[in-house]
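Here is the structure we will look at.
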Protein chains: 2
Amino acid sequence: MQHAVLPEEGSDGRGYHALRRITRALDVHSRKLHREWKITSPQLLCLHTLQKESVHTLSLLASELHLSVSTVNGILDRLEARGLVSRSRSLEDQRKVLLGITPAGQALIDSVPELMRDSYLRAFSRMPADEQMLLSELLVKLARHFDPEITPAYHDLITGPATDYPEDRP
Amino acid sequence: MQHAVLPEEGSDGRGYHALRRITRALDVHSRKLHREWKITSPQLLCLHTLQKESVHTLSLLASELHLSVSTVNGILDRLEARGLVSRSRSLEDQRKVLLGITPAGQALIDSVPELMRDSYLRAFSRMPADEQMLLSELLVKLARHFDPEITPAYHDLITGPATDYPEDRP
DNA sequence: CACGATATTTTCGTACACGAAACAATCGGG
DNA sequence: CCCGATTGTTTCGTGTACGAAAATATCGTG
């Protein structure tokens with residue numbers, strides 16, 4: 001049959017089990033990145049996001065990444081301590097803190113080889129194309145099936161609470 | 001070219017994005033469990049596993065759950081401090097520490113309502129049956145596509161290192 | 001028997017991740 | 001103009017989660 005990792009598990013538990021293995025693999029990869037390139041996956045994610053748009057503020061960045069502000073704040077603390085990002089209070093609205101990537105930060109992400117950046121994409125790319133497509137669609141669907149209020153969407157913050165779910169058919 | 005960060009992305013990055021949302025939802029649910037029932041998902045997972053088989057030792061439990069020994073050790077520390085599990089050195093082999101669930105631990109997991117136990121299953125069960133099946137199979141496949149040495153299987157520890165992979169071996 | 005190799009657990013340091021509370025700044029009424 | 005409500009950031013405490021190193025116990029071989 002279909003390979004049971006644990007003695008007796010129905011199709012319900014298998015997915016959860018696999019999910020834990022996947023997140024663990026991602027975590028282990030992040031630590032490897034940290035050992036070899038002095039940067040972790042979440043840090044890399046923040047840097048890449050900041051690189052693309054410079055108008056970022058903490059709360060915006062957090063909602064884009066689907067992380068809480070305190071989590072992202074901690075990551076930024078470490079990045080700022082190493083001079084990889086800059087924080088500066090906005091002049092128009094002094095509540096806001098504008099985030100930016102520094103030349104040193106830019107240099108660092110340029111130095112990390114493509115292959116090390118994202119182990120998810122590597123594992124993902126080893127699957128047949130049709131399965132890749134199917135899997136990402138199913139993951140997106142599953143994500144939507146968790147209580148919606150738990151993971152407020154990025155767009156909610158900039159367009160106001162959505163009346164409905166947009167992109168059901170992309 | 002492709003990365004995995006922002007809302008509008010190809011099917012490669014969407015899966016990663018969705019994965020982060022899912023793990024975040026699971027984490028948030030675990031904290032809710034902690035607030036309302038003084039127990040977290042990983043702790044509940046350990047208790048349930050210990051409940052089923054009493055011969056558990058730390059390293060065995062860790063590999064079953066696909067977590068590192070230090071992680072599980074920390075979880076057990078908290079459970080033991082609350083008198084929910086017991087540790088006792090094995091008499092035959094004093095290196096081993098036998099783990100067991102206490103009556104208090106049993107009582108606690110019995111008191112947590114079914115509905116609170118696993119938000120994954122709830123979200124999962126909201127999907128059509130065929131999609132459930134498909135998703136868990138794809139997740140299992142994806143898990144296998146991560147570097148295998150990163151996630152040593154449970155059976156490796158009790159049956160010795162596998163000579164080969166069960167099914168799809170390219 | 002001694003002693004190194006192995007097996008197991010524990011400890012330590014670090015990073016992530018969250019919520020709650022504290023803090024800071026802006027804005028709208030009265 | 002002050003003062004409460006709101007928005008945004010930082011701080012704090014806790015719980016995962018990992019690897020490396022230390023500590024403990026067993027076992028095999030000389």
Side-chain angles (χ1 to χ4, degrees), chain A residues 20-36 38-46 56-63 65-82 87-99 150-152 157-158, chain B residues 20-36 38-46 56-63 65-82 87-99 150-152 157-158:
Chain A
R20 280 218 317 282
R21 288 181 62 184
I22 292 167
T23 52
R24 185 188 184 191
L26 291 174
D27 190 280
V28 168
H29 179 259
S30 176
R31 284 164 212 278
K32 189 175 176 188
L33 256 178
H34 189 48
R35 273 197 307 278
E36 299 177 8
K38 309 293 178 217
I39 191 109
T40 65
S41 297
Q43 289 169 10
L44 213 43
L45 204 53
C46 286
H56 276 294
T57 180
L58 174 66
S59 39
L60 196 57
L61 183 58
S63 55
L65 302 182
H66 292 291
L67 293 172
S68 78
V69 286
S70 42
T71 296
V72 178
N73 197 50
I75 294 171
L76 290 174
D77 282 347
R78 286 178 282 272
L79 289 175
E80 191 187 25
R82 293 177 53 196
R87 277 171 162 134
S88 58
R89 287 213 106 92
S90 162
L91 293 184
E92 314 97 40
D93 187 342
Q94 289 211 279
R95 287 171 301 185
K96 297 181 179 175
V97 170
L98 301 181
L99 304 170
I150 285 182
T151 65
L157 282 209
I158 53 183
Chain B
R20 281 219 315 284
R21 288 181 62 183
I22 292 167
T23 53
R24 186 189 184 191
L26 291 174
D27 189 278
V28 169
H29 179 260
S30 175
R31 285 165 210 277
K32 190 177 178 190
L33 257 178
H34 189 48
R35 272 196 310 277
E36 300 177 8
K38 310 294 178 214
I39 192 101
T40 65
S41 297
Q43 290 169 10
L44 213 43
L45 203 52
C46 285
H56 276 296
T57 180
L58 174 65
S59 39
L60 196 57
L61 182 58
S63 55
L65 302 182
H66 292 291
L67 293 172
S68 78
V69 286
S70 43
T71 297
V72 178
N73 196 52
I75 294 170
L76 290 175
D77 282 347
R78 285 178 283 272
L79 289 176
E80 191 188 25
R82 293 178 54 197
R87 277 168 163 138
S88 59
R89 288 214 102 93
S90 163
L91 293 184
E92 314 97 40
D93 187 340
Q94 289 212 281
R95 288 171 301 185
K96 298 182 179 175
V97 171
L98 301 182
L99 304 170
I150 285 182
T151 66
L157 282 210
I158 52 181

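Each chain gets a letter, A, B and so on, in the order the sequences are listed, and its residues count up from 1.
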Q) So, does R20(A) use its side chain to make a donor-acceptor pair with the main chain of L65(B) at under 3.5 Å? A)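 At least one qualifying donor-acceptor pair exists.
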Q. Would a distance-only check, ignoring hydrogens and angles, find a side-chain to backbone donor-acceptor pair under 3.5 Å from R78(B) to Q43(B)?
A. no
Could you state the [atom1]-[atom2] distance from [X] to [N], rounded to the nearest angstrom?
| X | N | atom1 | atom2 | answer |
| --- | --- | --- | --- | --- |
| R21(A) | dC18(D) | CZ | P | 13 Å |
| L91(A) | dA25(C) | CG | C1' | 14 Å |
| L61(B) | dT8(C) | CG | C1' | 14 Å |
| H56(B) | dT9(C) | NE2 | P | 12 Å |
| R20(A) | dC18(D) | CZ | P | 10 Å |
| L26(A) | dC16(C) | CG | C1' | 13 Å |
| L67(A) | dA15(C) | CG | C1' | 13 Å |
| R82(A) | dT14(C) | CZ | P | 14 Å |

Q. Going 5' to 3' along nucleotides 9-16 of chain D, which nucleotides have protein heavy atoms under 4.0 Å from the base (write B), which only from the sugar-phosphate (write S), and which from neither (write -)?
A. SBB---SB
Q | Along DNA chain C (nearest heavy atom to each residue), the more 5'-positioned of Q94(A) and S68(A) | A | S68(A)
Q) Within the structure, does a side-chain N or O atom of R24(B) lie under 4.0 Å from either OP1 or OP2 of dC18(C)? A)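 For R24(B), the contact criterion (side-chain N or O under 4.0 Å from OP1 or OP2 of dC18(C)) is met.
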Q. Does any non-hydrogen side-chain atom of S41(A) lie less than 4.5 Å from one of L26(A)?
A.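 Heavy-atom side-chain distance check fails, nothing below 4.5 Å.
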Q: State, with a plain yes or no, whether a side-chain heavy atom of L61(A) is found less than 4.5 Å away from one of L67(A).
A: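 No, side chains not in contact.
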Q) N73(A): what forms a side chain to side chain contact (heavy atoms under 4.5 Å, CB included) with it, not counting sequence neighbours? A) L58(A), D77(A), R87(A)
(Q) R31(A): which residues meet the side chain to side chain donor-acceptor pair (under 3.5 Å) condition with it, sequence neighbours left out? (A) D27(A)
